[in-house]
Amino acid sequence: MRRGEPDESSRWIRQGEFGGHKDEEKGGAMLDFRVKTFLSVCRLMNYTHAARELNLTQSAVSQHMAALEKHYGAKLVSFEGKSMSLTEEGMELQRVFQSLAHDELLLERRIRAISSQSALRLNVGATLTAGEYLVAPPLARYMAAHPEMKASIVSRSTAELLDLMAKGEIDCAFVEGFFEKSELSWDVLCVQELVCVCPPNSSLASRACSMEELLSAPLIVRERESGSRAVLEHALHQRNYGIDSFAEVMEASSINMIKSFVEEGLGISFVYDAAVRSDIRKGRLGEVFIREVSIQHEISFIRPKGSRFEETFHALFEGVKEEFDRLA
């Protein structure tokens, strides 16, 4: 295929490519309705749920999937009992279609921005801790220096942001949790350490302890969907421990709440350094040094793989990274 020539899958970005349903997307995107059906099936792994989400009959969903399989000459999904999974061909098509779907939505915004001579608005996601303590200051400085770009910020867990990106509701995201690196384009903003904090008057403060010594203390953690909790659970699992290994576990949905609970003596917690370093310096929290253990994780900037707007995303990341390094 010559450079610049559209690949086979890009034909499906044009509404009604194979006839019929030309009015199904009145006033909406130009993405072919069968592609939207396929992406919904990929996300939900269930024809019935996809039909409900798209306000279609299950028969229509089956017909759309059959049309795609006929066109590409390959099975896109396989069934084992009631369990559905994507075939290798289906996974490849999902990756390409997700990129096309996202690019088409962003293209609409870019065309409107050009026509109205206004700034292009990107929908940027950020996990709660990364967004508030790491990304917000450099992103604000970058946007102030580049008025041609505006951003709407959405704060959610890593899993929720990945789902929003799959739906095309956000363009890119700064995340602290785990994601499948082979499915996305990504860059590392920084590496953060999960610091163990305790009440400032605790006997644990400024002590070097083993992880086993900490198990008798109450543990305060983020909710199950949190990226930082997933990082902690992974680190504990590598040492044959788990969240439930601690004497008592309390969940809190915000970092500020966790810090308040720890300060008042309700337990210990593991929080990214950027979120607690100032509190440790001011004596509001104590720091526990864990022997032979350093829990570190990357804060990453992710976006759809193979996007035609990679240059735009790369410029955003490089600008934010430059400002981040200046503030460090």
Side-chain angles (χ1 to χ4, degrees), residues 98-99 102-103 105-106 109 119-146 149-195 222-223 225-232 234 253-256 258 270-278 295-307 309-328:
Q98 279 184 338
S99 180
H102 171 269
D103 282 357
L105 291 171
L106 186 50
R109 270 181 275 142
L120 172 66
R121 183 173 299 277
L122 292 177
N123 297 323
V124 181
T127 47
L128 297 175
T129 306
E132 184 172 353
Y133 293 98
L134 292 166
V135 177
L139 178 59
R141 289 178 58 140
Y142 176 78
M143 289 171 60
H146 295 81
M149 196 280 288
K150 301 294 183 184
S152 296
I153 312 300
V154 176
S155 293
R156 297 285 190 278
S157 69
T158 299
E160 290 171 319
L161 291 175
L162 289 172
D163 186 55
L164 290 175
M165 190 176 296
K167 293 178 180 177
E169 294 180 21
I170 61 172
D171 302 312
C172 51
F174 292 89
V175 300
E176 62 202 68
F178 295 101
F179 60 93
E180 183 52 63
K181 291 185 174 181
S182 64
E183 296 179 357
L184 298 165
S185 290
W186 55 276
D187 289 289
V188 176
L189 178 68
C190 64
V191 176
Q192 275 283 299
E193 182 176 2
L194 274 181
V195 175
R222 289 282 306 278
E223 69 280 9
E225 297 79 14
S226 164
S228 57
R229 174 167 172 161
V231 172
L232 174 61
H234 179 72
S253 60
S254 80
I255 294 297
N256 286 331
I258 287 177
F270 291 82
V271 185
Y272 281 120
D273 185 82
V276 293
R277 185 52 52 191
S278 175
I295 307 175
Q296 297 184 328
H297 194 66
E298 297 171 345
I299 308 299
S300 301
F301 175 67
I302 61 174
R303 63 274 190 194
K305 194 170 187 176
S307 172
F309 293 95
E310 174 61 24
E311 187 176 332
T312 298
F313 296 135
H314 187 70
L316 171 62
F317 171 75
E318 288 296 325
V320 172
K321 181 72 166 68
E322 183 177 340
E323 296 295 346
F324 178 88
D325 291 340
R326 284 176 180 167
L327 291 170

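- Heavy atoms only, all atoms of each residue included: Pro304 and Ser185 are closest at O-OG, 3.9 Å.
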Side-chain donor-acceptor pairs under 3.5 Å in residues 159-172, sequence neighbours left out?
| residue | atom | partner | partner atom | Å |
| --- | --- | --- | --- | --- |
| Glu160 | OE1 | Ser157 | N | 3.0 |
| Glu160 | OE1 | Ser157 | OG | 3.1 |
| Asp163 | OD2 | Lys167 | NZ | 3.3 |
| Asp171 | OD1 | His102 | NE2 | 3.0 |
| Asp171 | OD1 | Arg109 | NH2 | 2.7 |
| Asp171 | OD2 | Arg109 | NH1 | 2.7 |
| Asp171 | OD2 | Arg109 | NH2 | 3.3 |
| Asp171 | OD2 | Asn123 | N | 2.7 |

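- In this view, Glu180 and Ser182, Glu183 satisfy the side chain to side chain contact (heavy atoms under 4.5 Å, CB included) rule, not counting sequence neighbours.
- Counting heavy atoms from C-beta outward, Arg303 and Glu310 have side chains that approach closer than 4.5 Å.
- For the pair Met149/Met143, a side-chain contact is recorded, criterion being any heavy-atom separation below 4.5 Å from C-beta on.
- For Arg156, the salt bridge (Lys or Arg N to Asp or Glu O under 4.0 Å) test picks out no residue, with sequence neighbours left out.
- Shown here are the salt bridge (Lys or Arg N to Asp or Glu O under 4.0 Å) partners of Lys150, two or more places apart in sequence or in another chain: there are none.
- Evaluated for a side chain to side chain contact (heavy atoms under 4.5 Å, CB included) with Glu298, the options Val231, Leu189, Val175, Val191 yield exactly one hit, Val191.
- Here the CG-SG distance, from Asp273 to Cys190, works out to 10.0 Å after rounding to the nearest 0.5 Å.
- Among all heavy-atom pairs drawn from Thr158 and Gly227, the shortest one is OG1-CA, 4.1 Å.
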With a 3.5 Å cut-off and sequence neighbours excluded, list the donor-acceptor pairs that the side chains of residues 128-138 form with protein atoms.
| residue | atom | partner | partner atom | Å |
| --- | --- | --- | --- | --- |
| Thr129 | OG1 | Arg222 | NH1 | 3.4 |
| Tyr133 | OH | Asn256 | OD1 | 3.0 |
| Tyr133 | OH | Lys259 | NZ | 3.4 |

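- Rounded to the nearest 0.5 Å, atoms OH (Tyr272) and OG1 (Thr127) are 7.5 Å apart.
- The two residues Ser307 and Asp103 come nearest to each other via the heavy atoms OG-OD1, 2.6 Å.
- The only member of Val124, Asp187, Ile302, Leu106 that meets side chain to side chain contact (heavy atoms under 4.5 Å, CB included) when paired with Phe313 is Leu106.
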Output side-chain donor-acceptor pairs under 3.5 Å for residues 315-322, partner residues at least two apart or in another chain, one line each.
| residue | atom | partner | partner atom | Å |
| --- | --- | --- | --- | --- |
| Lys321 | NZ | Asp325 | OD1 | 3.0 |
| Lys321 | NZ | Asp325 | OD2 | 3.0 |
| Glu322 | OE2 | Arg326 | NH2 | 2.6 |

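- Ser99 places a side-chain N or O within 3.5 Å of a backbone atom of Gly306 that can act as its donor or acceptor partner.
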